[in-house]
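Comments concern the structure below.
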Amino acid sequence: MDCKLLGIPLQVGTGRRGCEMGPSAYRTAGLAEALEELGHSVSDLGDIKPEPLNVPDHPNSVLKYLQENAGWIAGLTQAAYEMSADGFPIFMGGDHMLAAGTVAGISKRAKEEGREQFVLWLDAHTDFHTLDSSDSGNLHGTPVAYYTGQKGFEGYFPELEAPVSPANVCMIGIRSVDPAERKAIRETDITVYDMRLVDEYGVSALLKRFLTKVKEADGKLHVSLDVDFLDPSIAPAVGTTVPGGATFREAHLIMEMLHDSGLVTSLDLVELNPFLDERGRTAHMMVDLTASLFGRNVMDRPTVERFPL
Ligand code: MG
Ligand code: MG
């Protein structure tokens with residue numbers, strides 16, 4: 001695989017400072033080296049830093065850094081579109097707002113190629129607020145609503161060229177949803193596998209269902225991994241910790257199954273806040289999970305025969 005790394009020092013989508021150090025932490029924790037050890041070629045494109053867009057103030061006065069975030073989306077959409085021409089883009093965040101741009105860019109590419117774009121959203125949160133419904137004002141709570149083409153972003157966020165069909169979005173790990181998001185998401189075809197379903201059925205059964213769907217459509221699959229998908233006990237370096245997250249084994253099993261599927265075509269690593277980390281522990285955890293997605297086995301045998309698609 002030809003991996004392309006892009007550093008996205010974005011933190012204006014979150015309420016806490018520190019995410020801008022994320023790309024540097026991934027480099028320090030040896031992300032490129034881990035991929036090279038697995039036989040992949042890696043090019044690091046450096047960091048991106050788009051300028052703000054001149055958009056009007058929104059009636060919802062709590063929204064934070066609207067112009068700056070709009071600029072990031074525009075810049076990232078273009079970067080992701082260009083990076084997805086060939087090779088495997090890995091977006092090193094930065095807060096989760098970045099997915100508004102990365103998904104918009106890669107889905108534009110998929111549309112041009114005549115293929116369906118799918119998204120696996122690994123997160124404690126659904127990030128399905130609109131500009132109207134956000135009550136924290138932190139725009140990292142909005143990317144899924146934006147890239148699936150929900151109403152209310154027109155004139156503020158860049159025009160979306162290729163919305164992802166809500167039916168092609170699968171969320172796993174969800175355990176913190178605001179009432180407005182819950183109501184809005186119920187009206188879509190987004191698949192939400194919350195932690196209760198993970199407990200009841202196990203991640204493998206849930207993921208297999210989704211991967212089968214992606215494979216049948218010959219789709220492209222983007223994985224968006226929020227640090228807070230993981231339990232805070234194994235990944236403390238995130239500003240939005242929620243107890244009861246995915247365990248080490250569940251997370252690695254997902255990554256190994258994704259590798260075995262051969263379906264993943266791009267990846268976001270988001271919300272790592274190195275300022276909150278413990279001696280680089282969370283950064284290393286995220287690098288190890290990425291390595292599993294790219295072929296490293298943590299468990300004692302490959303899952304391919306036990307979980308055929
Ligand atoms: Mg998130
Ligand atoms: Mg989250």
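Start at 1 and go down the list; that is how both ligands and their atoms are numbered.
- By the 30° and 60° cut-offs, the orientation of the rings of F91 relative to H222 is tilted.
- At least one N/O/S atom of H125, whether from backbone or side chain, sits less than 2.8 Å from the Mg ion (ligand 2).
- Under 2.8 Å from the Mg ion (ligand 2) lies no N/O/S atom of E271, from backbone or side chain alike.
- Closest approach between the Mg ion (ligand 2) and any N/O/S atom of D228 involves OD2.
- Judged by distance alone, the side chains of H96 and D123 do bring a donor and an acceptor atom under 3.5 Å apart.
- Distance check, rounded to the nearest 0.5 Å: CG of L35 to CD1 of I90 gives 5.0 Å.
- Distances from the Mg ion (ligand 1) to each N, O or S atom of H96 single out ND1 as the nearest.
- The OD2 atom of D123 and the OD2 atom of D127 meet at the Mg ion (ligand 1) at an angle of about 90°, given to 10°.
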Take D2 and H40 through the test side chain to side chain donor-acceptor pair (under 3.5 Å) and record every step on the way to the result.
CA-CA 6 Å; D2 177 19; H40 303 289; over 6 Å; no
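- Taking backbone and side-chain atoms together, D226 has an N/O/S atom less than 2.8 Å away from the Mg ion (ligand 2).
- A distance of 6.5 Å separates CG in D226 from CG in D127, rounded to the nearest 0.5 Å.
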